[in-house]
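Below is one structure; the comments refer to it alone.
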Amino acid sequence: MEPRARAGKNVGKMNFSHNELAQLLYAHGDVKNPLPETVRVLDEILTDFMQSIAFEAARAAQYSGRQKIKYEDFEFAFRKNPAFLGKVQEVFEKQKEIKKAREILRDAEDDIMKDAAEEEKKREKAGGPPPAGGSGSKPINKEEELGEADDDADAEMDALGKKK
């Protein structure tokens, strides 16, 4: 069955929410509460556009001997419109940047965890006191008492707008 033949099942139904389309129209200069007919027509236009692009991409994939649509198929479908092609490429580049940043963050987090585990092992071998919250005897707290010369607490209260 041709993909466009299935498009008839959505006739008369909204595929996007009224609020999303109203916000889109408002962002592009329309009134805050557009007419329902305007929103319905925009919904039909967007749905038709998305179906036609998906159909072109599916056709490119089928011509290449694949059943699944890939990024290159959408590039091929947008080849006649450089503005759309540029936006699609920009989105995929941003997606790659985000993926790389997540990998870097995950790797750095793993390194920090390994370093902390190594330090803990070194402390246990050296016979140092167990960390707070660990099993064993009560941990020793060596905290410096605050004197009158230390005004950090006063500065913090002033910054928060609280008075003593």
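As a basis for the values below, the full set of heavy atoms in this structure was taken, side chains included, without hydrogen atoms, waters or symmetry mates. Fair warning: this is a prediction, and the values are worked out from it, not measured in the lab.
Atom-to-atom distance recorded for E20:CD and L25:CG is 12.0 Å, nearest 0.5 angstrom. Expressed to the nearest 0.5 Å, how far CZ of F78 lies from CD of Q89 amounts to 11.0 Å. One finds the CG atom of L105 at 16.0 Å from the NZ atom of K100 (value rounded to the nearest 0.5 Å). Rounded to the nearest 0.5 angstrom, R59 CZ and F76 CZ are separated by 9.0 Å. To the nearest 0.5 Å, atoms CD1 (I53) and CG (D48) are separated by 10.0 Å. For the atom pair CG of N19 and CD of Q23, the computed distance is 4.5 Å after rounding to the nearest 0.5 Å.
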For E109 and R106: C-alpha separation, side-chain torsions, deciding distance, then whether salt bridge (charged side-chain N to carboxylate O under 4.0 Å, His left out) applies.
CA-CA 5 Å; E109 191 175 88; R106 187 185 68 234; over 6 Å; no
Applying side-chain contact (heavy atoms from CB on, under 4.5 Å) to L21 and L46, what does each step give before you reach the verdict?
CA-CA 10 Å; L21 295 176; L46 286 174; 3.6 Å; yes
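Applying the salt bridge (Lys or Arg N to Asp or Glu O under 4.0 Å) test to every pair with at least one member in residues 65-78, sequence neighbours left out, gives these pairs: R66-D73. Residue pairs meeting the ring pair (Phe, Tyr, Trp, His ring centres under 6.0 Å) criterion with at least one partner in residues 15-48, sequence neighbours excluded, do not occur; the list is empty. Listed by first then second residue, pairs satisfying salt bridge (Lys or Arg N to Asp or Glu O under 4.0 Å) with a partner in residues 24-43 read E37-R40, R40-E44, not counting sequence neighbours.
Closest approach of I69 and A57 over heavy atoms only: CG2-CB, 3.8 Å.
Between L85 and F74, every side-chain heavy-atom pair lies at or beyond the 4.5 Å cut-off. In this structure, the side chains of K96 and K99 stay at 4.5 Å or more apart for every pair of heavy atoms.
In the displayed structure, E103 atom CD is contacted under 6.0 Å by more than 12 heavy atoms of other residues, nucleotides or ligands.
Checked against the 6.0 Å centroid threshold, F84 and F49 count as a close aromatic pair.
M50 and V39 fall within the same hydrophobic cluster, where Ile, Leu, Val, Met, Phe, Trp and Tyr residues are linked whenever their side-chain heavy atoms come under 4.5 Å apart, directly or through other members.
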